[in-house]
2 protein chains.
Amino acid sequence: MRTVEKALKLLDFFTDKVTEIGLSDLARLSGIDKATVLRMLQDMAESGFVEQNPENKRWRLGAGILRLARLREAAQPVTRVLTPILERLAGETGETAHASLLSGRDLANIGVIEPARANRVYIEPGLALPLHATASGLAFTAFARPEQRDRVLGRKLSAITGTTPVTRDSLAAMLARTAERGFAVADQTYEAEVYGLAVPLFGPDGFACGALAVATPASRVSEPHERGILAALAPAAAEATRGLGGRVPAHHRITY
Amino acid sequence: MRTVEKALKLLDFFTDKVTEIGLSDLARLSGIDKATVLRMLQDMAESGFVEQNPENKRWRLGAGILRLARLREAAQPVTRVLTPILERLAGETGETAHASLLSGRDLANIGVIEPARANRVYIEPGLALPLHATASGLAFTAFARPEQRDRVLGRKLSAITGTTPVTRDSLAAMLARTAERGFAVADQTYEAEVYGLAVPLFGPDGFACGALAVATPASRVSEPHERGILAALAPAAAEATRGLGGRVPAHHRITY
DNA sequence: AAACGTCGGTGTAAATAATGAACCAACGAG
DNA sequence: CTCGTTGGTTCATTATTTACACCGACGTTT
């Protein structure tokens, strides 16, 4: 396997909760030899992607990432555009709203706003959303470039919950339904008790580049609630697409 | 040379202005073979660090970077802590204020606020500041861990302007002066017409982890102005250090 | 339209850089 | 004191990276 890819995959073991990892742990988690992991970490430290805590020798994400993120935001202000939209969306629906963009093989969650109520869905910041098992992933894939869609259909699909689509046919059916309705539904396909509704975000080429989604506790789902969420989601997504410099294709209609 | 390091160095060619680069250009810029560059880009695209514009086939920084940045912010909210401090600092001094953290071999600029006046210093967002040629770099290095300081002194120092310190001795003298006074001065050592004042930011171990700085047009420099900037900079840096979970060492005093 | 230069991308054989088992010293727990 | 862990180093083996040559496509210039 390619070395660069392996090295960068090490970064995926850092999460919301696990912010520092020791050398041996990281070697175990990744299944790569300790010596190799160390060399890769040192290489990445040169560029500021990771840094070593001098106290306990453990490794964490580095400040160089913040620098590159600023650079990307300067090129295209994604976060700045999406944050107010997410805030309004969370306020209007009373549910957790989040946005994600394509990043490698899945969607990168790049913004979450939670509503001001006790019973709400918690979404890890910086989570990587699988394309086949989340409402965002379905909404994106259904409107993505054909080659992207085919790539997803060609993968072996991991079962994350009992209702996750695992066969090519079931996923294809879900995508067809999503394409038809203009939005995606994910009923506990990624996490139990969580129901997701998502709409694609479009790039300048008229193909999806990400998704805007609302997640609600499954217990709260009802037709009127769902209609209310979609009524807020649809214009929010259109605004987000415009804000990102994208173009909503003419054939995209949201029909409940 | 190590492959991972080379691949990540490709990202350094993206700047504020140059947000998209074609394959051949990147190969030329980096001096690496086209085929190699392509493979490295594809590997990094797998992880979302870069992405290819489907229209013109050129490459740009990817959304995966935003995801990782969110993750790091969740672990330690650097940007959130520093932004209001920078805003106040820029307001009080009437000059451009910026903050940076150690990232690999230099300081990563992770926040800039410009004042509301016409004649001001512009600092590229996401710039990498050399440790020997900027006020921030000097302030950091003078109070960094000894091994870090020695590493900087051991490098060959590039002359960026006519007044950039290029010999080990001149840099050592500047660092000694900085350590003594508690703040750093850089008189056009990085860019002509720009005068910088900087104070270190400290980590939990009492060593510098970054710097807080104010940049002013050289034409505006005067003793009272300088005193005024330092009077705002000193408490701002102390607050920033505390906000980042750091500890200002007892021996650090700012004496003009 | 023909010739040229560029572009992004591909395949190959050669050589370089990555690899991982064995080994250290240091630390903490029992 | 022993055991198990940690982070880190070394070095022969080997598998990965490398760069040359090549390809078709596109745009200019002649």
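Note that the structure is predicted; figures quoted are calculated from it, not measured. Chain letters run A, B, ... following the sequence lines, proteins first, then strands; residues in each count from 1.
The side chain of Arg2(B) contributes no N or O atom lying less than 4.0 Å from OP1 or OP2 of dA17(C). Lys34(A) has no side-chain polar atom (N or O) that falls below the 4.0 Å cut-off from OP1 or OP2 of dT19(C). Close to dT17(D), at under 4.0 Å from its OP1 or OP2, lies a side-chain N or O of Thr3(A). Checking the phosphate oxygens (OP1, OP2) of dA18(C), no side-chain nitrogen or oxygen of Gln42(A) falls inside 4.0 Å.
For the pair Leu23(B) CG and dG8(C) C1', the computed distance is 6 Å after rounding to whole Å. Look at CG on Leu38(A): it is 16 Å from P on dA21(C), rounded to the nearest Å. Distance Ile32(A) CD1 to dA18(C) C1': 12 Å, rounded to the nearest Å. Rounded to whole Å, atom C1' of dT18(D) lies 14 Å from atom CG of Asp43(B). For Glu20(B) and dG8(C), the CD to P distance is 12 Å, given to the nearest whole Å. Computed from coordinates, the Leu10(A) CG to dA18(C) P distance equals 14 Å when rounded to whole Å. Between Leu41(B) atom CG and dT17(D) atom P there is a gap of 14 Å when expressed in whole angstrom units. If you measure from atom CG of Leu26(B) to atom P of dG9(C), you get 12 Å, rounded to the nearest angstrom.
Nearest to the side-chain atoms of Lys57(A) among the listed nucleotides dG8(D), dT10(C), dT17(D) stands dG8(D). Listed candidates were dT19(C), dT10(C), dT9(D). Nearest to the side chain of Lys6(A) is dT19(C). Proximity note for Asp33(A) (side chain, C-beta onward) versus dG7(D), dA21(C), dG8(C): the nearest is dA21(C). Counting only heavy atoms from C-beta on, Ala35(B) has its side chain closest to dA19(D) among dA19(D), dT18(D), dG9(C).
Between Asp12(A) and Arg67(B) there is a salt bridge, since at least one side-chain N of the basic residue sits less than 4.0 Å from a carboxylate O of the acidic one. A salt bridge between Arg145(B) and Asp205(B) is present, with a side-chain N of the basic residue lying under 4.0 Å from a carboxylate O of the acidic one.
Within the 4.0 angstrom heavy-atom criterion, no nucleotide atom of any strand lies near Glu5(A). Across all strands, Arg28(B) comes closer than 4.0 Å only to sugar-phosphate atoms, never to a base (heavy-atom distances).
Sequence order on DNA chain D of the closest nucleotides to Arg58(A) and Thr36(B) puts Arg58(A) first from the 5' end.
Ring-plane geometry between Phe143(A) and His252(A) is classed as perpendicular, the angle between the planes exceeding 60 degrees on a 0 to 90 degree scale with a lower cut at 30.
With 3.5 Å as the limit, one finds no donor-acceptor pair spanning the side chains of Asn109(B) and Glu124(B). Counted by atom type alone, Thr79(A) and Glu73(A) present one or more donor-acceptor pairs between their side chains at under 3.5 Å.
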